[in-house]
Structure formats: structure tokens, C-alpha cells
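Worth saying up front: this structure is predicted, and the values here are computed from it rather than measured. By convention in this document, chain letters (A, B, ...) are assigned in the order of the sequence lines, proteins followed by strands, and residues within each chain are numbered from 1.
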Amino acid sequence: MCGRYIRRSDKQRITEHFRLHGEPPFPLPPDFNIAPTTFQPVIRLQRDTHEREALLMRWGIVPFTAKSLDEYKGISTINARAESIQSGIWKRLFERQRCLIPADGFYEWDTILPSRLSGPKSTKPRKKPMRFWLKNDPVFAFAGLWDAWRNPDTGEWLQSFAIITTEANDLLASIHTRMPVILHPRDYARWIDRSGDSPLPLDLLKPFDAAEMQAAEANPKVNNARNNGEELLDKPDDEPEEGQMLF
DNA sequence: CCAGACGTTGTT
DNA sequence: GTCTGG
DNA sequence: CCAGACGTTGTT
DNA sequence: GTCTGG
């Protein structure tokens, strides 16, 4: 799954990498701990001009069919399984509302059960965060879907997005069964196409080549979504190794 | 995703 | 909107 | 036909 | 256990 990610590329780099029509009209500070329900930049085609635009959307889809925000509280729509993308709530979005999510990395957690932890008895599993990124490019794109929901009380529109997941590649398989779908730049245009003329880009929903990715232990501070900053990227040097005892 | 809260009434 | 269950 | 759901991950 | 907030 993908439930936390990083975006540190500045406006200029994102504009160039994604060949946006213009720079995003909102601030884009680096964020080392992006969590669900927050508003993040998403790239899609403008329907009329077919230009690539970046706009802010909420992470976690609120489908246009929702009668209230509460209806989708408690159910996770931050990810969409590639395997179920052509059914239910996702079908319409996959056919017409695909988007790119700019990122520089993402986190996955290795859950270590209490029975495998040394030292004093503990009952809670330990959550060890790992950071993943691409070797060849600092910035990349998750395959995303978006939707717009009109609040019946206020009349306001809420735009929201989800990140598509697929089976894990060899790099992630040891800690997780799933990973986010990462798109190669050569496939961006096909992914965000809205004309409906071309066949659905089902072939792009594959695990990214493990040989093109890197992984490292991240700072456990990343577990709390209130923490942020560059120091979250890597495990502190003075941190003891797993299972090691201090005397 | 993880962390942390999770309740009511009445009074100030 | 679209699919499933009855 | 109408009514009602429509999701993911992890863990056991 | 389950829901909310970030």
C-alpha cells in the first residue's frame, strides 16, 4: 500500500519534468511526510484546452455519489487496487479521470511482531519505516485517479484523489505485498489522456522495475504525521540496530 | 499510512 | 454512474 | 423491476 | 475495538 509519501522538488523542477503549461499558482514547499486527507498537487489535462495543469486535491477519494462527507469517513479510499480498477466506484474514474501525482519518494512500514522483538517484553508491534525512491530521477509520478464531489449543504466542490496500487516488486516484497503504481515519463501522455479514443492504459498498471529503485531505513519520526523535515528521510546514525541491546 | 482519542452535564 | 442482490 | 452498495491494507 | 486527524 502507499499511505505516506514525499515531495521535495520545487515548482520549477515539477513544471519542467511534467511539462506543465505554466507554473502552479500555489506555493509548493517541500513535504517529507505527506499523509492522507491533506491537499496535494495533482496533474491532469484541462478538458477544453488539453493543457497540463497542476491543482490541489485532497488525498482520499470522495466519490461524486457520496451524500455526505461522513458517508466516506472510516472507509479508506486513499488507494485503488489495479485489480479492481474496472469495477464499482473506480470504473468511471479509470475511464475518464486519470491523473499524475508528483512525488520524490514514498514510505512503507515493516511491521515487526512483538514475538520477534528482543529485550523487555512488549505487546505492541514495532513499525519500522522504509523509504523508497528512483535511481534515475529525483521526481516521478504515481498513477492516480480523481473525482469531484459537490457538498449539498454549501454547494462547494471538493476535488480528491487516490493512488493506484499493484503487487510488490522484488525490492518491496520482503516487507509488503503491495506498492504504488509508478509511471515512466514516456507514458504520462497516455495516462492522462481524456479523449477516450485510445484503449484503456491497463498495461501501465505494473510493478516498477526493482532494479531502477532504491530503499533505505527512514527515521521512525515519520510514523507520526505531525513530524516533518529533511531529517525524516534517513534513520539517525546513533539509532541502535534492530535487536541490539544497549548496556 | 500511523498515532491518538474515544464522554456528559453544568457552570464559569 | 453502474453493478449486485433480492 | 427496485434498493443499496460502491474501498484498502494488514493481521489472524 | 474503531474512528478521527494529520
Phosphate-side-chain proximity, [X] and [N], N/O vs OP1/OP2 below 4.0 Å:
{"X": "A/N224", "N": "B/dG4", "result": "yes"}
{"X": "A/R96", "N": "C/dG1", "result": "no"}
{"X": "A/T177", "N": "D/dT9", "result": "no"}
{"X": "A/W90", "N": "D/dT8", "result": "yes"}
{"X": "A/K91", "N": "C/dT2", "result": "no"}
{"X": "A/R178", "N": "D/dT9", "result": "yes"}

Indicate the ring-plane relationship of A/F140 and A/F106, choosing parallel, tilted or perpendicular according to the 30° and 60° boundaries.
-> perpendicular
When you get a sec, tell me which of [options] is the closest nucleotide to the side chain of [X]?
{"X": "A/T65", "options": "C/dC3, B/dC2, C/dG1", "answer": "C/dG1"}
{"X": "A/I89", "options": "E/dG6, D/dC6, D/dT8", "answer": "D/dC6"}
{"X": "A/R4", "options": "C/dG1, D/dT11, E/dG6", "answer": "E/dG6"}
{"X": "A/T111", "options": "E/dG6, D/dT8, D/dT11", "answer": "D/dT11"}
{"X": "A/N223", "options": "E/dG6, B/dC2, D/dT8", "answer": "B/dC2"}

Does some side-chain heavy atom of A/V42 sit less than 4.5 Å from a side-chain heavy atom of A/L56?
-> no
Who else is in the cluster with A/L233 when I, L, V, M, F, W and Y are joined by side-chain contacts under 4.5 Å?
-> A/I6, A/F32, A/Y107, A/W109, A/V222, A/L232
Residues in ring-ring contact (aromatic ring centres under 6.0 Å, His included) contact with A/F208, at least two apart in sequence or another chain = none
Can you check the distance between [N] and [M], where both ends of the measurement are the [atom1] atom (answer in whole Å)?
{"N": "D/dC1", "M": "B/dT8", "atom1": "C1'", "value": "48 Å"}
{"N": "D/dT9", "M": "E/dT2", "atom1": "C1'", "value": "15 Å"}
{"N": "D/dT11", "M": "B/dC2", "atom1": "C1'", "value": "16 Å"}
{"N": "E/dC3", "M": "B/dG7", "atom1": "P", "value": "12 Å"}

Judged by modelled atom types alone, do A/T49 and A/Q46 share a side-chain donor-acceptor pair under 3.5 Å?
-> yes
What dot-bracket string describes DNA chain C from 5' to 3', counting Watson-Crick and G-U wobble pairs whose defining distances are under 3.5 Å, with [ ] for crossing pairs and | for pairs to another strand?
-> ||||||
Look at atom NZ of A/K11 and say whether more than 12 heavy atoms of other residues, nucleotides or ligands are closer to it than 6.0 Å.
-> yes
Has A/R96 got more than 12 heavy atoms of other residues, nucleotides or ligands less than 6.0 Å from its CZ?
-> no
Pairs satisfying salt bridge (Lys or Arg N to Asp or Glu O under 4.0 Å), at least one member in residues 168-191 of chain A, at least two apart = A/E83-A/R178, A/R190-A/D203
DNA chain E contacts among residues 160-174 of chain A, heavy-atom distance under 4.0 Å | none
Is there a donor N/O on one and an acceptor N/O on the other, under 3.5 Å, for the side chain of A/T37 and the base of E/dG5?
-> no
Only distances under 3.5 Å count here; give the side-chain donor-acceptor pairs of residues 84-91 of chain A to other protein atoms, sequence neighbours excluded, each with its distance to 0.1 Å.
residue: A/S84; atom: OG; partner: A/R81; partner atom: O; Å: 3.4
residue: A/S87; atom: OG; partner: A/S84; partner atom: O; Å: 3.2

